[in-house]
Colleague: 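Before we start, here is the structure in question, set down as structure tokens.
Position 1 is the first residue of the sequence, and the numbers go up from there.
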Amino acid sequence: MPRTDPAFPMPDGPGATIPLHGGTRIPVLGLGVFRAPAGEATEQAVTAALRAGYRHIDTAAVYGNEADVGRALRASAVDRDEVFLTTKLWNADHGYQQTLDAFEYSRRRLGVETLDLYLVHWPVPGPRLETWRAMEHLQESGKVKAIGVSNYMTRHLDELLASARHVPSVNQIELSPYNYRSRSDVIDLCRAQGIQLEAYSPLTKGHKLSDPPLAHIADAHGRSTAQVLIRWALQKGLVVLPKSTHADRIAANADVFDFALTPAQMEILDALDENLVTGWDPTTAP
């Protein structure tokens with residue numbers, strides 16, 4: 001299991017931020033738009049999130065909804081500078097020049113001049129170190145404020161850190177109480193290197209929302225099990241990315257800043273680990 005978790009200052013709202021490498025700051029809560037249908041559904045989800053106080057939107061080239069995210073941002077009364085925007089490089093676009101070209105395509109689809117965070121979506125074998133050189137160039141040229149990776153486990157990070165000029169600002173991986181202890185090695189490495197962990201699929205894609213120990217804790221606080229999972233992630237110092245296209249659930253997922261889980265409840269949740277993986281499993285990626 002991970003070493004004793006450090007004490008993290010608790011944010012006071014969905015727009016609260018924490019620092020990343022290089023001086024930029026990232027909001028602790030973001031809306032993930034994985035599998036949000038392209039078009040009106042994604043635009044409405046982003047609009048609902050901004051109205052609920054979110055200031056962080058996480059998309060990816062492979063999601064097929066970057067243009068919809070961009071339209072919703074432009075239509076919003078919230079200034080672009082107030083919204084932290086992330087997208088990701090897809091597997092087919094690895095390599096130095098391919099990465100630079102893919103970034104330009106994403107930037108144009110989003111309709112922005114700069115990105116707050118650009119992530120390597122997956123540790124594709126072979127060209128991934130050349131890909132990282134291109135990511136570093138994008139950051140050094142000012143086109144991206146921060147760069148990072150997604151689905152990188154310890155061996156992928158060790159390889160990258162051995163040659164990188166810039167340490168990744170972020171590693172976005174699947175994290176919940178149901179796999180947190182199983183991923184202790186990558187959690188400890190990221191914390192030692194100052195790499196901020198982001199939790200995707202923090203709600204286990206719904207698989208564990210009726211789990212009795214989780215439901216018991218939720219009942220004790222008068223909250224939903226989804227809210228407890230999000231609060232758990234925040235108390236672990238994670239940036240958390242719940243996904244929904246329903247305005248009421250988007251708002252409820254942000255209503256987690258006025259209660260706290262006790263140390264005993266956190267321990268109960270940690271003990272639920274079963275090495276759950278609900279999507280891609282990067283632990284087997286070479």
Colleague: Do Arg223 side-chain atoms and Val228 backbone N/O form a donor-acceptor pair below 3.5 Å?
Modeller: no

Colleague: Is the ring centre of Trp122 less than 6.0 Å from the ring centre of Tyr152?
Modeller: no

Colleague: Begin from the C-alpha positions of Glu140 and His166 and carry the test side chain to side chain donor-acceptor pair (under 3.5 Å) through to its verdict.
Modeller: CA-CA 10 Å; Glu140 291 166 355; His166 299 286; 2.8 Å; yes

Colleague: As a quick check of understanding, evaluate salt bridge (charged side-chain N to carboxylate O under 4.0 Å, His left out) for Asp81 and Arg55, giving each step before the final call.
Modeller: CA-CA 10 Å; Asp81 290 345; Arg55 293 297 181 265; over 6 Å; no

Colleague: Do we see a donor-acceptor contact under 3.5 Å between the side chains of Asn151 and Tyr200?
Modeller: yes

Colleague: Would you call Val167 and Leu160 a side-chain contact if the rule is heavy atoms closer than 4.5 Å?
Modeller: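 Not in contact.
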
Colleague: Are Arg231 and Gln235 close enough that a side-chain donor and a side-chain acceptor fall under 3.5 Å?
Modeller: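 On atom types as modelled, these side chains qualify, holding a pair under 3.5 Å.
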
Colleague: Looking at Ala260 and His221, what are the two nearest heavy atoms and their distance?
Modeller: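 Scanning both residues completely, I find the closest heavy atoms to be O-CE1, 3.1 Å.
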
Colleague: Taking the side chain as every heavy atom from C-beta outward, state whether Pro282 and Arg183 have any atom pair closer than 4.5 Å.
Modeller: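 Yes, at least one pair of side-chain atoms sits under 4.5 Å.
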
Colleague: Quick check: does any side chain N or O of Tyr54 sit under 3.5 Å from a backbone N or O of Ile250, one acting as donor and the other as acceptor?
Modeller: yes

Colleague: With a 4.0 Å cut-off on N to O distance, would you call Arg133 and Glu136 a salt bridge?
Modeller: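 No salt bridge links Arg133 with Glu136.
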
Colleague: Does Ser224 use its side chain to pair, donor to acceptor, with the backbone of Gln227 at less than 3.5 Å?
Modeller: yes

Colleague: Is it the case that one hydrophobic cluster holds both Met266 and Tyr180, taking links as side-chain heavy atoms less than 4.5 Å apart, direct or via other members?
Modeller: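 Per the 4.5 Å side-chain linkage, Met266 and Tyr180 are co-clustered.
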
Colleague: Can you confirm whether the side chains of Asn65 and Thr59 place a donor and an acceptor under 3.5 Å from each other?
Modeller: yes

Colleague: Side chains of Leu157 and Cys190, heavy atoms from C-beta outward: is any pair under 4.5 Å?
Modeller: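 A side-chain contact exists here, since the closest heavy-atom pair is under 4.5 Å.
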
Colleague: Decide, yes or no, whether a salt bridge links Lys145 with Glu113 under the criterion of side-chain N to carboxylate O below 4.0 Å.
Modeller: no

Colleague: Under a 3.5 Å threshold, yes or no: a donor from one side chain and an acceptor from the other, between Thr131 and His94?
Modeller: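 Looking only at side-chain atoms, His94 and Thr131 do form a donor-acceptor pair, the distance falling under 3.5 Å.
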
Colleague: Do the side chain of Ser76 and the main chain of Ala72 share a donor and acceptor less than 3.5 angstrom apart?
Modeller: no

Colleague: Can you find a heavy atom in the side chain of Leu175 that is under 4.5 Å from one in the side chain of Ile187?
Modeller: yes

Colleague: Does a donor on one side chain and an acceptor on the other come within less than 3.5 Å for Ser169 and Gln196?
Modeller: no

Colleague: Between Ser150 (side chain) and Val120 (backbone), is there a donor-acceptor pair under 3.5 Å?
Modeller: no

Colleague: Side chains of Glu174 and Thr278: donor-acceptor distance under 3.5 Å anywhere?
Modeller: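 Short answer, yes.
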
Colleague: Keeping the roles fixed (side chain from Arg109, backbone from Asp68), state whether a donor-acceptor pair exists under 3.5 Å.
Modeller: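 Between the backbone of Asp68 and the side chain of Arg109 there is no qualifying donor-acceptor contact (under 3.5 Å).
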
Colleague: Mind listing the side-chain donor-acceptor pairs of residues 16-24 below 3.5 Å, one per line with the distance, residues two or more places apart or on another chain?
Modeller:
| residue | atom | partner | partner atom | Å |
| --- | --- | --- | --- | --- |
| Thr17 | OG1 | Arg25 | NE | 2.8 |
| His21 | NE2 | Gln193 | O | 3.3 |
| His21 | NE2 | Gly194 | O | 3.0 |

Colleague: State plainly whether one hydrophobic cluster holds both Val277 and Leu229, where clusters connect Ile, Leu, Val, Met, Phe, Trp and Tyr through side-chain heavy atoms under 4.5 angstrom apart.
Modeller: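 No, separate clusters.
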
Colleague: Within a strict 4.5 Å, meaning less than it, do heavy atoms of the Val33 and Lys243 side chains meet?
Modeller: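 No. Closest side-chain heavy atoms not under 4.5 Å.
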
Colleague: Look only at the side chain of Asn179 and the backbone of Asn275, and say whether a donor-acceptor pair between them is shorter than 3.5 Å.
Modeller: no

Colleague: Test Asp211 against Tyr178 for side chain to side chain donor-acceptor pair (under 3.5 Å), laying out the working first.
Modeller: CA-CA 11 Å; Asp211 195 17; Tyr178 297 91; 2.7 Å; yes

Colleague: Scan Asp116, Val46, Val112, Leu73 and name whichever one has a side chain to side chain contact (heavy atoms under 4.5 Å, CB included) with Val83.
Modeller: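 The option that passes is Leu73.
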
Colleague: Over all heavy atoms of both residues, which pair between Gln172 and Asp58 is shortest? Give the atoms and the distance, please.
Modeller: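 Result for this residue pair: NE2-OD2, 3.0 Å.
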
Colleague: Restricting to salt bridge (charged side-chain N to carboxylate O under 4.0 Å, His left out), what partner residues turn up for Lys143, sequence neighbours left out?
Modeller: Glu104

Colleague: Would you say Ser106's side chain and Phe103's backbone share a donor-acceptor pair under 3.5 angstrom?
Modeller: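 It does not hold such a pair.
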
Colleague: Distance from Asn253 atom CG to Ser244 atom OG, nearest 0.5 Å?
Modeller: 6.5 Å

Colleague: Side-chain contact, heavy-atom cut-off 4.5 Å: Leu189 with Asp158?
Modeller: yes

Colleague: Using a strict threshold of under 4.0 Å (side-chain N to carboxylate O), is an ion pair present between Arg71 and Glu40?
Modeller: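 Arg71 and Glu40: not salt-bridged.
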
Colleague: Checking Lys236 against Asp270 for the salt bridge (charged side-chain N to carboxylate O under 4.0 Å, His left out) test, could you report, in this order, the C-alpha distance in whole Å, the side-chain angles of both residues, the deciding distance, and whether it holds?
Modeller: CA-CA 10 Å; Lys236 288 292 187 183; Asp270 288 355; 2.7 Å; yes

Colleague: Side-chain contact test, heavy atoms from C-beta onward, threshold under 4.5 Å: evaluate it for Thr99 versus Asp93 and give yes or no.
Modeller: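 Counting from C-beta outward, Thr99 and Asp93 never come under 4.5 Å.
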
Colleague: Within a strict 4.5 Å, meaning less than it, do heavy atoms of the Trp132 and Ile147 side chains meet?
Modeller: yes

Colleague: Would you confirm whether Thr284, through its side chain, and Asp281, through its main-chain N or O, come within 3.5 Å as a donor-acceptor pair?
Modeller: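 Present.
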
